[in-house]
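Atom set for the values below is all heavy atoms of this structure, side chains included, hydrogens, waters and symmetry mates excluded.
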Amino acid sequence: MNRPEFGGGNMIRTLAAALATGSCLVALATPAAAQTRDFNVPAGSLRTALDTFARQSGRQVIYRGDEVRSARSPGVRGARTAEEALEALVAGTGFTIRKDSSGAFAVVRVGNAPAADSITSSEEAGGRPSDHSEIIVTGTNIRGIAPVGAPLTTYNRKDIEKTGASDVPQFFRTVPQLFSNIDASTTTTNLDAGSGAGNSYGGASANIHGLGYGATLSLVNGHRLAPAGTGGLFADISVIPLSALERVEILPDGASSVYGADAVAGVVNFVTRKDYSGVELNSRIAVPTRGGGRELFGSVAAGANWSSGHVFASAQIQDANAITVSQRSFILTDAPAGVLDGYNLEPSTRQISTYAIIEQKVSNNLRLSGDVLFSRRKFQYFVPTDTFNDESNTGNATQLGISASLTYDDGGPWSAILEGSYSRNDQKTLRSIPSFDFTAPFDAKTYSKSLDGRIQGELFDINGKSAKFSGGASLRKESLSVDNGSTIKLIDRNVWSGYGELYLPLLYGSGLVELSASGRYDHYTAFGGAFSPRLALNWRPTSALVIRGSFGRSFRAPDLVRISPVTYVETSALDLPLASSPTGYGTLLTESLGSNPDLGPERSRSINFGATWKPFRRTSLSITYFNVLFRDRIDYPRRSKGTIDTFTDPAISFFLDRNPSAAEVMRILSEAPLANNTGLLTGITHPVTPDNVAAIYRSYPQNHAITQNSGLDFSATQNFTLGAWAIDSAFTGTYLIKNRTQPGPNTPFTDFLNITFNPPRFRARASVDATHNRVSVGTAANFINSYTNNLTAPVSRVHSWLTVDLNARYAFGRRDNDSERWAISLNVVNLFDRRPPVVSGEYGRFGVAFDYDSANASARGRVVSAQLQAKF
């Protein structure tokens, strides 16, 4: 990143005068020329980091103490010039450096929106933050504090680049907390109810701990995306351009008390770049060595800062070839030889994404900002089968998001913000079977519009620390439009919300206790209100140990497509043996509906507790236990139409009306004639009347299911130096204890843990990275345990899967001794080309077997990628 240079030796004196009140000047001997030395400045308070830097570098540094006190620095280690080290210390904090000809530095604010590393948690006990340099992070509406009671995991741009991922969904497959059962690499429809068919557009969803595509809330800078997929079933994270990302924040804890619906398992927030200065160009190619799937990537990003604001914009294009069955020798199918050779395991896609943001201080007290996200993806799935005769799905998916905010901040303890956002998703597809002269167009549009206003500030001091409060109200409108060429369906709903959050820092003995209480009430025009409370605490008995816990309730509103006007009504009948009937049989009448307008919200209770321990300066250990009870889940009957044991199967008894009234039978028969008057499995040789209907099987979604989900998240980091090299090592993992669903009252639970196409019990990733001057190298290992293949009889085992990745980066060329001009990166994913474990059984689109679990493994094989980056 290029920084402006100021000629003359008066610059520092001028800044010192301007910062006179409350500023700090650390004056040490100033070297006459730039030289490289070893730095070891730990992450933490920016003020402490600047003082440490001054001692280690011997440079003169000026900063305003009350400004930097609330900011956090990522730290710096290794051999660097003084300017390189100082730039690393202030990276992402909302501050920049200025240097005069004498070699002295001043640290001053740039732009008006610091990044996540400037979060003030109460680990830093120093005084009250002064202004909007405190930022809001995922999980709280209070500026300047980290979410209490739950761990917040942050992945920055470098973390993402090291994985070798070409897009967000590929990166998410490397995160143990996330289960990637909906993305372009997933070939199966054996997913959450309705989600498989809903992903014919090649989108992707975030899914924390495998609780389901709709239980994780995905945000961009704290704003919702209009949902994607057929019927708007999930937020499509694949539309978010990597070139625009500053970081990804993952909060694995229920957060409906802050955000409302969908934050049952947690929140994933994509935070974009804002205060970048200069121009950055990236070009990348990724090639699977087994063939197919070649990806080309190019992006440009540019930004500028001035005294009262900043602007940033980026654009990227990504082009990927399809991967076919014939290109993967391990694919075994039961179709005739050669028939499925062209079947797409991954579609061909081309995506263009752009993002822009501008922030401007319009007066001493008012700040205006606005951003735009636009993405358009074209895709094609080719599905040749001996049954469906060369079917193809082609189309495009377009996402648009616009947001604007006005912030009032007079420098006092209180501030206010008014935000508005608009998001739209438009997906078109054309299903074609040329040999049948069959085409089926489909167009689904979703909209989300919101207006939100809130205040936040300090209430009173407790032992020198500030109690804080945030509260506000919002209005959101959600809409869905579906056009299948013959039927147009429209539905919308309004959501009114009010919310509040209180933060109390208390002293307990020699330790600090932070308490947080938050609550939110949401009222939907469709089903009424839902209240979501949350209580949380952090206890810091020592400076090295944090013990935390939280209890909260969350909810998920029904998808619009589930409560829309009936998409279809199908009536069928089946004669089943019935000893109690005079005729010896009873007629089972099945009513199949595409939706249920009477659905209510899904509700949950979550418990979260754990600890973070830093026994040494460069060592950090963390463990968290989570437990979610998800009630009133929307589910479909486990059987279709009706079978011989429908009367006796307890798993579907709650879908069965055994004593239907005559009026109810006649209503069903009048709404739709029998789909098959001769019966589905046995013949019906008599008219269906109320007298011979023994039961009605209601085959449509209902609020009956219960899900239990629990487990452990853990992480460990260790940083050290080895000669001139700075070494960073990390280990993260998730161990699921329970993931099971009870389909209805008084029925047995069905276990969805450690079986095919569902979350494994244990996932982990270990990485080691080494940096020396302009060179960095690293490796990572990804592990998934063995699990059960329940698609075969008897069941079989799926072997564990271990893959190893490599990354390397070399930077060269400098501009005025300021920043790296060029950088070359090389990544190898799945270095040893480990094939996915064999999974036998019938699954996949249209029942085609591929012999691997695409939700837990990838058919891509070894992927080699190279990237060239240039900065100006």
Side-chain angles (χ1 to χ4, degrees), residues 139 149-150 192-195 206-218 224 227 233-235 251-267 474 476 478 493-501 517-536 550-563 595-608 626-636 654-655 700-711 738-747 749-750 752:
D192 304 290
S195 64
N207 186 349
I208 296 176
H209 295 150
L211 256 178
Y213 65 91
T216 297
L217 178 62
S218 296
R224 290 173 178 260
L233 296 176
F234 57 88
L251 181 73
D253 190 21
S256 287
S257 65
V258 175
Y259 300 108
D262 304 334
V264 173
V267 182
S474 68
R476 186 171 77 252
E478 302 171 340
R493 64 187 173 197
N494 294 326
V495 188
W496 294 86
S497 307
Y499 54 89
E501 183 178 357
S518 55
R520 182 182 178 108
Y521 179 79
D522 297 90
H523 185 275
Y524 283 72
T525 54
F527 58 79
F531 178 68
S532 304
R534 182 178 184 268
L535 296 173
S550 68
F551 172 87
R553 296 192 180 278
S554 297
F555 77 101
R556 179 174 185 266
D559 298 309
L560 284 173
V561 71
R562 304 280 189 246
I563 60 172
S595 58
N596 182 0
D598 296 326
L599 288 175
E602 302 173 313
R603 304 177 186 273
S604 74
R605 179 271 298 148
S606 61
I607 298 172
N608 190 309
F626 56 89
N627 186 304
V628 179
L629 179 63
F630 206 173
R631 295 183 178 274
D632 300 326
R633 297 205 72 177
I634 297 169
D635 201 3
Y636 288 84
F654 44 87
F655 289 100
Y700 47 80
Q702 299 182 45
N703 291 98
H704 283 305
I706 296 175
T707 295
Q708 296 175 343
N709 179 272
S710 63
K738 188 180 296 184
N739 186 38
R740 62 181 190 171
T741 294
Q742 184 184 38
N746 303 316
T747 61
F749 277 88
T750 301
F752 290 101

Self-check item: Residues that Arg224 engages under salt bridge (Lys or Arg N to Asp or Glu O under 4.0 Å), provided they are two or more places apart
Solution: Asp262
Quiz item: Got a second to check how far Asn627's CG is from Gln708's CD, nearest 0.5 Å?
Solution: 8.0 Å
Quiz prompt | Nearest-0.5 Å distance that lies between atom OG1 in Thr707 and atom CZ in Arg631 | solution = 11.0 Å
Self-check item: Exam field: side chain Asn703 to backbone Gly600, donor-acceptor pair closer than 3.5 Å
Solution: yes
Self-check item: Residue list, ring pair (Phe, Tyr, Trp, His ring centres under 6.0 Å) with Tyr521, at least two apart or on another chain
Solution: none
Quiz item: Say you draw a straight line from NZ of Lys738 to CG of Leu629; how long is it, rounded to the nearest 0.5 Å?
Solution: 9.5 Å
Quiz prompt | Closest heavy-atom pair and its distance - His209, Pro252 | solution = CE1-CB, 3.8 Å
Practice problem: Could you tell me whether a side-chain N or O of Ser554 sits under 3.5 Å from a main-chain N or O of Ser604, the two making a donor and an acceptor? | Solution: no
Self-check item: Minimal non-hydrogen separation, Pro558 against Ile634, with atom names
Solution: CB-CD1, 3.7 Å
Quiz item: Does any non-hydrogen side-chain atom of Ser474 lie less than 4.5 Å from one of Arg520?
Solution: yes
Exercise. Examine distances only and state if a side-chain atom of Gln742 and a backbone atom of Thr747 form a donor-acceptor pair shorter than 3.5 Å.
Key: yes
Practice problem: Search all heavy atoms of Ala215 against all heavy atoms of Phe630 and return the closest pair with its distance. | Solution: CB-CE1, 4.0 Å
Practice problem: Compare every heavy atom of Leu211 with every heavy atom of Val628, then report the nearest pair and how far apart it is. | Solution: CG1-CD1, 3.8 Å
Exercise. First locate atom OG of Ser595, then atom OH of Tyr700, and finally report the distance between them rounded to the nearest 0.5 Å.
Key: 10.5 Å
Quiz prompt | Atom CZ of Arg493 with >12 non-hydrogen neighbours under 6.0 angstrom | solution = yes
Practice problem: Provide the closest heavy-atom pair for Phe555 versus Gly260 in the form atom of the first, atom of the second, distance. | Solution: CE2-C, 3.9 Å
Quiz item: Within a strict 4.5 Å, meaning less than it, do heavy atoms of the Asp635 and Glu602 side chains meet?
Solution: no
Self-check item: Arg556 NZ/CZ over Phe527 ring centroid, <6.0 Å and within 45° of normal
Solution: no
Quiz prompt | Distance in Å, Tyr259 OH paired with Ser518 OG, rounded so as to fall on 0.5 Å steps | solution = 10.5 Å
Quiz item: Do side-chain atoms of Asp522 reach the backbone of Ala261 as a donor and acceptor pair under 3.5 angstrom?
Solution: no
Quiz item: Are side-chain N/O atoms of Thr750 and Thr741 paired as donor and acceptor at under 3.5 Å?
Solution: no
Quiz prompt | Any donor-acceptor N/O pair, Arg553 side chain to Pro533 backbone, under 3.5 Å | solution = no
Quiz prompt | Heavy-atom donor-acceptor pair, Tyr213 side chain to Ala235 backbone, under 3.5 Å | solution = no
Practice problem: Might you work through the side-chain hydrogen bond (donor to acceptor under 3.5 Å, both in side chains) test for Thr216 and Asn207, ending with a clear yes or no? | Solution: CA-CA 6 Å; Thr216 297; Asn207 186 349; 4.8 Å; no
Quiz prompt | Nearest heavy atoms of Arg534 and Ala150, plus distance in Å | solution = NH2-CB, 3.8 Å
Self-check item: From CG (Asn739) to OG (Ser710), nearest 0.5 Å
Solution: 8.5 Å
Quiz item: Do the side chain of Asp253 and the main chain of Gly266 share a donor and acceptor less than 3.5 angstrom apart?
Solution: no
